[in-house]
Amino acid sequence: MNRGNLRRPFKELRRNYVAYSLALPAVLYTFIFGYLTLPYILISFQKFNYKLGIWKSPFVGLDNFEFFFLSDRAWQVTFNTIRLNFLFIVVGTAAALLLAILFTELRGRRFSRIMQSTILFPHFLSWVIISYVLYGFFASNYGLLNQTLDWLGLPQKNWYSEPNYWVPILVAVNVWKEVGISLVIYLAAIAGIDSSLYEAATMDGANRRQQIRYITLPLLMPTVIILSLLALGKIMYGSFDMIYAIIKDNGLLYPTVDVIDTYVFRALRTIGNPAQAMAVGLYQSVVGFILVFGVNMIVRKVSPDNSLF
């Protein structure tokens with residue numbers, strides 16, 4: 001092997017050491033919690049004993065997986081997890097794209113920046129705070145929504161006992177909280193589009209709608225695809241902090257919003273077996289891995305330039 005090829009990475013590190021030092025915390029975090037923890041996957045096939053550790057605990061095969069797959073609600077919570085995350089991805093992406101395009105069309109730069117900061121702010125709120133905000137809206141007796149219905153002469157509803165309402169509610173709340181961070185990414189992508197393309201389109205007689213359709217959206221598609229593929233990798237992971245903060249242990253809402261993570265948490269809160277939790281986590285990871293590779297293969301066949309790898 002050429003020594004120059006071996007020295008090249010070290011030259012790159014010396015030349016851009018400041019940029020790489022900024023990435024060091026993320027690299028260390030990923031290495032410690034993403035790679036050093038991989039041997040602990042073994043406990044999903046063991047009857048784990050804290051005293052014996054992962055190397056001496058007895059193997060039990062797939063017994064830990066039976067805890068989840070043989071339960072009467074396994075497929076229901078799996079469906080709920082996929083449905084909610086799919087809606088989060090689709091609706092969130094559409095909302096972020098729409099807002100990004102609208103903000104680029106605004107003439108007032110100051111107003112645009114204020115609105116961008118306002119939309120980004122909910123991202124930094126915890127789900128616990130948001131759960132109390134929602135309770136202020138949907139509480140049975142003194143909630144703002146029921147008070148409004150009463151003022152309009154309409155019958156009040158017990159929102160926390162109606163499971164069918166909570167899928168759109170959770171989707172709307174998730175979009176409201178997380179659309180700001182996606183908006184920042186799409187605005188950055190739009191800012192990177194060569195302005196000469198728009199100038200050429202204007203000279204050819206294209207209006208703003210046509211410029212958005214034939215320039216902005218096609219050039220945003222690589223960013224949309226990459227973010228969607230990364231989101232698909234976690235489609236089997238329910239937003240535990242969101243669901244548990246808002247729904248808590250309300251069994252009336254489980255049929256539509258109970259996800260894998262909250263189901264396993266409630267089960268293990270009484271059982272206390274980490275091997276079963278690891279088994280479910282391995283199941284979620286394998287499915288997410290397959291989905292990312294599968295969707296990326298489809299993208300690579302349809303549009304090779306937009307695939308992730």
Side-chain angles (χ1 to χ4, degrees), residues 5-60 62 64-65 67-68 81 85 88-89 120 123-128 174 177-178 180-182 184-185 188 223 226-245 259-269 271-293 295-296 308-309:
N5 294 333
L6 293 175
R7 294 175 181 175
R8 193 173 300 163
F10 295 100
K11 289 182 179 179
E12 173 66 18
L13 286 172
R14 284 197 301 270
R15 186 180 298 114
N16 300 301
Y17 70 94
V18 175
Y20 286 108
S21 64
L22 292 175
L24 186 60
V27 172
L28 290 175
Y29 179 87
T30 303
F31 178 72
I32 294 171
F33 295 100
Y35 291 96
L36 293 184
T37 57
L38 285 178
Y40 288 90
I41 292 176
L42 284 174
I43 72 173
S44 60
F45 304 98
Q46 296 176 330
K47 185 177 181 181
F48 182 68
N49 187 303
Y50 288 98
K51 293 182 180 179
L52 298 177
I54 63 172
W55 305 117
K56 294 184 179 181
S57 296
F59 279 84
V60 294
L62 300 177
N64 291 321
F65 292 86
F67 146 76
F68 179 70
T81 305
N85 283 331
F88 292 162
I89 294 170
L120 182 62
H123 173 73
F124 300 100
L125 297 176
S126 73
W127 283 112
V128 175
N174 182 268
K177 185 178 187 298
E178 302 297 346
I181 199 69
S182 299
V184 172
I185 297 173
T223 305
I226 290 173
L227 293 179
S228 298
L229 284 172
L230 294 175
L232 280 173
K234 292 188 175 182
I235 198 169
M236 288 296 293
Y237 286 86
S239 181
F240 173 80
D241 48 352
M242 173 189 183
I243 302 296
Y244 196 74
V259 295
I260 294 175
D261 300 76
T262 53
Y263 172 78
V264 173
F265 172 75
R266 289 196 312 274
L268 298 182
R269 190 169 54 186
I271 300 173
N273 188 343
Q276 293 176 346
M278 180 61 76
V280 177
L282 180 59
Y283 158 66
Q284 292 173 298
S285 300
V286 169
V287 174
F289 179 81
I290 293 171
L291 283 172
V292 169
F293 267 81
V295 175
N296 186 75
L308 185 60
F309 46 82

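Side-chain atoms are counted along with the backbone in the values below, which use heavy atoms only and exclude waters and symmetry mates. Residue indices begin at 1 and follow the sequence shown.
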Roughly how far, to the nearest 0.5 Å, is OG1 of Thr81 from NZ of Lys234? 14.5 Å

Looking at every heavy atom in both Met236 and Asn85, which two are closest together, and how far apart are they? N-ND2, 4.2 Å

Distance col, row Tyr29:OH vs Phe33:CZ, nearest 0.5 angstrom, shows 6.0 Å

Taking the inter-plane angle between the rings of Phe240 and Tyr244 on a 0 to 90° scale, is it parallel (under 30°), tilted (30 to 60°) or perpendicular (over 60°)? parallel

In the structure I gave you, are the side-chain heavy atoms of Gln284 and Asp261 within less than 4.5 Å of one another anywhere? yes

Between Tyr263 and Phe67, what is the ring plane arrangement, given parallel below 30°, perpendicular above 60°, and tilted in between? parallel

Rounded to the nearest 0.5 Å, how far apart are CG of Leu230 and CD1 of Ile89? 10.0 Å

Rounded to the nearest 0.5 Å, how far apart are CG of Asn174 and CD1 of Ile243? 9.0 Å

Can any side-chain N or O of Lys177 pair as donor or acceptor with the backbone N or O of His123 at less than 3.5 Å? yes

Ignoring hydrogens, what is the shortest heavy-atom contact between Met278 and Tyr40? Give both atom names and the distance. CE-O, 3.4 Å

Sorted by chain and number, sequence neighbours left out, side-chain contact (heavy atoms from CB on, under 4.5 Å) with Phe59 holds for Leu42, Phe45, Gln46

Set of side-chain contact (heavy atoms from CB on, under 4.5 Å) partners for Thr223, sequence neighbours left out: Ile185, Tyr186, Ala189, Leu227

How close do Val295 and Leu229 get, heavy atom to heavy atom, and via which atoms? CG1-CD2, 3.4 Å

Sub-3.5 Å donor-acceptor pair from the side chain of Ser57 to the main-chain atoms of Ile54, do we have one? no

Quick check: closest heavy atoms across Gly281 and Tyr237, and the distance to 0.1 Å? O-OH, 3.3 Å

Heavy-atom closest pair (Phe48 atom, Pro274 atom, distance to 0.1 Å) is CD2-CG, 3.8 Å

Can you check whether Ser44's main-chain N or O pairs, donor with acceptor, with Asn64's side chain at less than 3.5 Å? yes

Atom pair NZ (Lys47) and CD (Gln276), whose distance is rounded to the nearest 0.5 Å: 11.0 Å

Where is the tightest heavy-atom contact between Ile181 and Leu120, given as atom of each residue plus distance? N-CD1, 3.8 Å

